[in-house]
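Numbered from 1 within each chain, the chains take letters A, B, ... in sequence-line order.
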2 protein chains.
Amino acid sequence: MEPIWARPEQAARGPRPAHSRAAVAAAAVRIADTEGIDAVSMRRVAADLGAGTASLYRYLASKDDLLDLMVDAVAREQPPPDPTGDRRADLRTLADTTRAVMLRHPWLAAVQASRPNIGPGSLRWLESWLTAVDGLGLDADEMLTAVDTVRLFITGAVLGELAVRASGLDMNRWMAEQGSYGDAIAAGDRYPRVAHVMREAKGPHAGDRAERTFAQGIERILDGVVAG
Amino acid sequence: MEPIWARPEQAARGPRPAHSRAAVAAAAVRIADTEGIDAVSMRRVAADLGAGTASLYRYLASKDDLLDLMVDAVAREQPPPDPTGDRRADLRTLADTTRAVMLRHPWLAAVQASRPNIGPGSLRWLESWLTAVDGLGLDADEMLTAVDTVRLFITGAVLGELAVRASGLDMNRWMAEQGSYGDAIAAGDRYPRVAHVMREAKGPHAGDRAERTFAQGIERILDGVVAG
DNA sequence: TTCCATTGCGAGCAGTGTACGCAGTGGCCT
DNA sequence: AGGCCACTGCGTACACTGCTCGCAATGGAA
């Protein structure tokens with residue numbers, strides 16, 4: 001199936017559309033941000049738009065198209081930061097900005113992970129990533145590989161971060177929810193190192209853990225990419 | 001909600017159950033492997049098991065429980081490789097094995113990314129990861145951070161790999177499917193570096209690209225982890 | 001002015017996860 | 001030995017999903 005961006009938005013003849021792809025995408029993003037991606041149904045988006053459900057299909061061919069539009073809408077809303085010339089610093093800024101966008105739109109990482117997006121907004125970001133690794137002595141293939149490595153780590157890191165965030169607030173609460181199972185793990189000798197880490201570590205939910213995991217990981221990947 | 005592993009499988013009284021959690025999980029894994037995760041519905045799993053739909057709820061409380069069981073079933077099916085003492089090599093072997101399992105069960109990476117799993121099988125893997133980073137001079141918190149970094153990259157890399165695999169076989173076919181949109185990108189000057197890479201690179205779908213992206217990324221992350 | 005491609009949309013279809021309630025089973029306690 | 005009752009299997013139903021069909025209304029092109 002052709003991507004939605006290959007199909008024209010407006011028809012030559014006929015009545016003026018009451019809405020637009022952008023308006024549909026914006027409504028869907030608003031719902032996903034405030035109530036979660038599961039709340040984004042065709043009926044719900046249509047209702048928020050003041051339209052009938054079936055009318056949405058005049059603007060897109062499927063719900064997958066809607067997801068593509070949502071991802072691209074967010075990419076346009078936050079354009080990539082301007083390059084400074086310091087490639088290493090630019091890469092880190094791109095990484096931090098990407099993570100911030102994904103945390104602001106908690107549905108984004110998961111949607112993007114399962115559906116590669118090539119809308120105009122996403123392409124502008126890819127252009128920035130390629131600019132940041134340009135001049136490092138990499139050929140075209142290696143540039144793509146390097147950018148993929150960095151972006152895949154970011155996606156993985158944010159997915160993990162969000163999963164932890166969704167599962168509870170801190171280690172104590174987490175242990176309480178696991179109940180007897182958590183106690184059994186920490187006390188037993190079946191998984192000695194897991195038990196040790198559970199007792200010693202501040203826990204997977206400590207305040208700045210996500211921050212530090214991300215910072216350490218991204219710096220090490222950039223070491224490799226820049227040294228190349 | 002308590003995790004399913006905190007709840008006992010068998011009741012003291014009553015008639016012998018006709019099935020078991022393990023059988024339900026195995027049936028679901030079989031369906032997901034052959035027909036995709038979307039084909040895994042409660043009705044379908046029950047039908048494959050020769051049971052009524054509502055009967056499944058005697059073995060688990062929700063579909064989320066079923067997903068947890070599926071992930072853990074796969075983790076048990078393929079236990080982590082034995083450590084050799086060479087920590088760097090062990091980490092790489094763990095990474096390669098994890099990637100192989102995720103490619104063999106294409107639904108696994110996505111499910112795991114959105115739902116942290118703490119079943120017995122998953123814990124055994126975590127134990128192996130912690131063993132591999134033990135003795136590197138890291139404290140408990142740092143060990144968790146290091147393991148997270150590596151695993152998150154693997155998840156991200158496999159998700160990307162599967163997305164590319166699902167979207168088409170090679171660059172030519174991909175360009176054909178994008179139709180005029182792909183041509184416009186490669187020819188236009190709106191995204192010069194993207195256009196350049198599209199023309200020069202063997203493309204995101206070249207045979208061994210996924211292999212090389214993964215190898216390069218994991219080696220660079222391990223550089224950072226082992227160097228500490 | 002006529003034509004007809006296009007829009008809006010009510011109704012409906014096939015599918016989903018899950019709750020309810022009832023019949024039947026069989027281990028435990030008297 | 002007898003009966004209690006926790007438990008299992010499951011038919012049915014509900015509220016929801018993405019999506020299609022068909023029809024009335026619109027408005028630029030001929």
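Of the side-chain N and O atoms in Ser55(A), one or more sit less than 4.0 angstrom from OP1 or OP2 of dC9(C).
By the salt bridge (Lys or Arg N to Asp or Glu O under 4.0 Å) test, Arg99(A) pairs with Glu161(A), Glu211(A), sequence neighbours left out. Under the rule for a ring pair (Phe, Tyr, Trp, His ring centres under 6.0 Å), Trp129(A) has no partner lying at least two apart in sequence or in another chain. Remark: Arg190(B) pairs with no residue by the salt bridge (Lys or Arg N to Asp or Glu O under 4.0 Å) rule, at least two apart or across chains. Residues that satisfy the side chain to side chain contact (heavy atoms under 4.5 Å, CB included) test with Thr97(A), not counting sequence neighbours, are Gln78(A), Pro81(A), Thr93(A), Trp125(A). By the salt bridge (Lys or Arg N to Asp or Glu O under 4.0 Å) test, Asp68(A) is found to be paired with Arg115(A), residues two or more places apart in sequence or in another chain being considered. Residues that satisfy the salt bridge (Lys or Arg N to Asp or Glu O under 4.0 Å) test with Arg76(B), not counting sequence neighbours, are Asp72(B). Partners of Ala25(A) under the side chain to side chain contact (heavy atoms under 4.5 Å, CB included) rule, at least two apart in sequence or in another chain, are Leu69(A), Ala73(A).
Interface limits on DNA chain D: the 5'-most and 3'-most nucleotides within less than 4.0 Å of chain A heavy atoms are dT17(D) to dA29(D).
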Given protein heavy atoms under 4.0 Å, the one-letter contact record of nucleotides 12-25 of chain C, with B base, S sugar-phosphate only and - none, is simply B---BBBB-B--BB
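Separating the CG atom of Leu56(A) from the P atom of dT7(C) is a distance of 13 Å, rounded to the nearest angstrom.
Nucleic acid contact class of Ala51(B) (heavy atoms, under 4.0 Å, all strands): sugar-phosphate only.
A heavy atom closer than 4.0 Å to some atom of DNA chain C occurs in no member of residues 22-34 of chain A.
Within the structure, every pair that satisfies the side chain to side chain donor-acceptor pair (under 3.5 Å) test and touches residues 29-40 of chain B, not counting sequence neighbours, is listed here: Asp33(B)-His105(B), Asp33(B)-Trp107(B), Glu35(B)-Arg44(B).
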Only distances under 3.5 Å count here; give the side-chain donor-acceptor pairs of residues 52-61 of chain A to other protein atoms, sequence neighbours excluded, each with its distance to 0.1 Å.
unit_1	atom_1	unit_2	atom_2	d
Ser55(A)	OG	Gly52(A)	O	3.4
Tyr59(A)	OH	Ala18(A)	N	3.3
Tyr59(A)	OH	His19(A)	N	2.9

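Using a 4.5 Å heavy-atom threshold, the side chains of Arg151(B) and Leu126(B) count as touching.
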